[in-house]
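Quick note on labels: first sequence line is chain A, next is B, and so on, each numbered from 1.
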Amino acid sequence: ATRRESARGAMAEFSVACSAPVAGAQTKGVATLAGDVLAWRPSDGNLTGERTAPLHLITGHQRNKAGSKVPSLRLIVGEPMPGQKPNALVLSFPGAETDRDALSDAIKAALTEIMRSRRTRADVDGGENPDGGSDADRAHVTTAAKRAAREALLAANRDLADMHGKLVMGSKHRRDGAELSATITDDEFWASRRHLLAGAVAKVGANQRTGIDNSEIAGIQGQRAGDGDKVTATLTHEKMHRIFAERPAVRQAFVDNVLAGKITERDFWTRFLKSEYFKMVRAGAPPQGEEEAADLQLFSRRPAPEVERRARVLALSKSVNLVADAGDYAGQVGTAVASQGAGRVMGTEDDVDGGPQGGHGIARDGAKEPPPPATRAAMVAAAGGAGHAKAAAAKFAAREVLQSLNHHAEVVLRGRPSMAVTDARSAAMAAEEQERAAWARTNTNVSNDGGGGAGGRGGDDDALVQLEDLVEREAPRRMALTLEDRDAYFAAATGGTRDGEGNDGEGGVVERGTISPETVRARARHLVKGIRLVCEQLGFEPTVDGVPVAYPEGTEITDEDRARARDGLKE
Amino acid sequence: MRREDPLAGVGILVILLDTDLLVDDLHAFQHRRDLDLSYTASLLRRFVAFVSAYLATNRPNKVVIIAMSCDGCHHVFETPTAKGRDTLPSGIQSHIEAANRKLCQEMIGRLLDIASEQERLQNAQSSNVADSFLAAGISMAVCLCSRLALEYAPFKSGRLLCLRRSSESLPGQYVSATNAIFSAKRLGIPIDSVVYGKNDSAVLQQAAAITCGTYYRTGDHRKMGQYLLSMACLEVSYRGSLLLTKESVADLVASCFCHQKSIRSGYVCSACVSVFCAGEVMCPTCASTSGCGI
């Protein structure tokens, strides 16, 4: 394995010798990770079978167990279609497990760097891409929904499938063995049929934003097998993402410990699941033992900074905020935060000094009640007391529950991340990115609306609950039909060309027959003589409005003309 | 103002006469020193006979002659209203002949007037003129038919008869000619064509196919006269009872708007139906864009 800095020095180039299947046979080659592309090339220059995989398309990253006969690394490129074999790149490292691990770590590091740069770009853009990634990246990735829609269209429309086979598949489509080369790529074929695809995607409903299942992390602590001491729990990457989204403290602990290299990922999850199990078993009782207390402390909720608390409240949709109601938001957001400072954010603290400003939410009632305990310890102490302090402690506990529910609702509303979640690291990054994007969007809304937070937020909340089927469709935008270039159109009437110079647009000149003025006059004279002869034969004079017309000079009829005309008539 | 004609059913025949037809072939004209007037005289006599015969089939019939020459289209002649021709007592053959004679005199006189104008042409710009204005003639004829249809009600039928010498295809006039043909189709005016020469006229073939008219080409000018008298004199309503001459298959070749060249396959704008030889994202005529090119 070799590593070298690239010319720009931005991202190191990593190369390692490995084998990959080419036409069914393992072929030696070199895998190179440069920038955001992983490429494998055969060592023998005469062989074909080069494979490339952009890192942002890698949706699966697996390696076999340590000590395997042949260390292998399996990368799944793109999203696998349902019912079909995923597109996988399998690299083998015979007798070089360290190389495999080094390449795997390099890929993970590169992915982390890509996500970090995206996050930085998202911050600079002001949260324009809430789900992370650029529009170009998203447009480049063909989602499973689109692929399913394409397959459905081809199955339903035989003519379309035939055309697709001829243009895209080429010889592979023909069963008679006829030579036929593929003309265009699959994306180009469907680019001109977007209207068909849009209809198919909408019909399938694949373009809908899918939510997350509530039962994903239910029972995450595992189950005890029989009477033994063994507890079995299952963790998937989606569950990890859900945990990181619901429990920011757990995510922070992961970042501070696992990503920092203090403990391994396996140890981290073991401690987490153990802590959850014991919490369930204890049912609120204090932890037993230092190890258990340390685990609890590691994964417990920490008081968030004021800025973060404020952003959380503002980011939370009014429709799911269980603590405050419409009256609490009316014209109060800006003034509440600006004039009363930290700790006086609605939904988290009562307004002790000024009394209720309006509304009848939980945040407003109890103006005569003493302020609730500020910390959990104070709450526990007050709960042991009596009277108002106990009531306040109970209220604080209730508020904690409500805040948890608020946060859970917020996570549900965010939905699934658009970026692929392939491991714990990417799960943590995806969850953090979703949270930051939501706060950034909220900050933008507040700064745009000023004090009228309710009005501005109202529009945003309305969009959340808007059902597309019930929204009146806008009339399609019409384009005025105008003659852009009148000269080009009317030039054709006189046999001219667009530029008026007779150029045919291909470097040549439009040829038009020409008659000299002399020929025109001669032919006219001949016609006059013919008319004269006919009038002589028919015995009348030509007139215009009853007035005889004189013949032009030089059009006299000779005897020879008369003789020929007689002969012609006889014929 | 719509006037009620006492003699109901007016047949309107608009004749597009190419003056080039009345003069011998250009090639022969340029290479023969002693020119033969027999062709011109023969054709003129047959034309006059045809017009007289058409007017004789039904007195209210109306004939309009538009001359297409190298310097433009000229409204040559238009028969007066039937009322004007009622000055003579009906039923007297000699008087009918005299009336037709006067019409023929007027017709010939106006043709002579136009020919004399051309003979006096001194303008050097005339050297650039090559082909007659077929598209303009068809447009003028269609407008005339429309005007006359408003003046006389009900008119039996209005049709167009194009007398032309065959020439090479006119890709430069394809756009305007096709527009005029479709206008005639829209108004229900059939375009009949009689072409003299060796080559078929694609534009007139298409006009006949589109407007349900007839197309006839002959290389003998004497046969033209026979065809005109036997077929062109009759109105459209009689054609169902006749065994018409077999016509060649119309050559529906098109010309591209960009280069005025004949093309067999091309691209069509879905908005303005302009024809182009190369596909473009934006139509040069109407500027409408197409996602996948025209």
Side-chain angles (χ1 to χ4, degrees), chain A residues 191-194 479 481-485 488-490 492-498 504-506 510 512-517 519-535 537-538 540-546 548-549 551-552 555 557 560-561 564-565 567-569 571, chain B residues 19-20 22-24 26 29-30 35-42 44-45 48 70 101 104-106 108-113 115-124 126-131 135-136 168 170 172-176 257-261 271-272 284-289 291-292:
Chain A
S192 59
R193 291 164 181 82
R194 276 193 293 266
M479 183 185 298
L481 183 64
T482 57
L483 273 182
E484 190 64 22
D485 187 359
Y489 182 80
F490 291 114
T494 55
T497 52
R498 187 186 296 276
D504 61 359
E506 296 177 349
V510 175
R512 290 177 293 173
T514 55
I515 304 176
S516 63
T519 305
V520 171
R521 284 197 289 271
R523 288 169 71 84
R525 202 176 307 121
H526 185 80
L527 179 58
V528 169
K529 289 174 79 174
I531 293 173
R532 197 165 181 172
L533 184 62
V534 167
C535 291
Q537 288 173 350
L538 294 177
F540 60 69
E541 282 185 350
T543 58
V544 174
D545 296 330
V549 181
Y551 296 105
T555 59
I557 308 296
E560 192 178 346
D561 295 332
R564 282 186 186 162
D567 294 338
L569 278 175
E571 290 176 7
Chain B
T19 54
D20 214 28
L22 300 176
V23 188
D24 214 340
L26 179 63
F29 192 87
Q30 288 173 332
L35 298 174
D36 187 6
L37 285 177
S38 61
Y39 167 81
T40 304
S42 167
L44 264 176
R45 286 174 64 94
V48 171
C70 53
R101 189 186 179 87
C104 292
Q105 277 182 281
E106 286 290 323
I108 294 290
R110 289 175 189 270
L111 273 176
L112 177 62
D113 205 20
S116 302
E117 282 282 337
Q118 287 189 353
E119 199 273 336
R120 287 193 290 270
L121 276 177
Q122 297 293 336
N123 194 347
S126 62
S127 63
N128 291 328
V129 180
D131 290 307
E168 294 179 1
L170 307 172
Q173 292 196 27
Y174 171 78
V175 173
S176 46
F257 280 47
C258 40
H259 306 117
Q260 281 86 47
K261 284 188 177 177
C272 65
T285 302
C286 64
S288 62
T289 57
C292 56

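- In terms of heavy-atom proximity, A:E541 sits nearest to B:Q105 at O-NE2, 2.7 Å.
- The most heavy-atom pairs under 4.5 Å with chain A, out of B:L44, B:D113, B:L111, come from B:L44.
- Here the closest non-hydrogen pair linking A:P552 and B:S116 is CG-OG, 3.3 Å.
- Taking every heavy atom of both residues into account, B:T40 and A:G530 meet most closely at CG2-CA, 3.8 Å.
- In this structure, the portion of A:L533 lying under 4.5 Å from any heavy atom of chain B is its side chain and not its backbone.
- Only the side chain of A:I557 comes within contact range of chain B, with heavy atoms under 4.5 Å apart.
- Listed here is the closest heavy atom pair of A:V549 and B:G109: CG2-O, 4.1 Å.
- A distance of 5.5 Å separates CD in B:E106 from CG in A:D545, rounded to the nearest 0.5 Å.
- For the pair A:R532/B:I108, no side-chain contact is recorded, criterion being any heavy-atom separation below 4.5 Å from C-beta on.
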Show your reasoning for whether side chain to side chain contact (heavy atoms under 4.5 Å, CB included) applies to B:D20 and A:R523. CA-CA 8 Å; B:D20 214 28; A:R523 288 169 71 84; 2.3 Å; yes
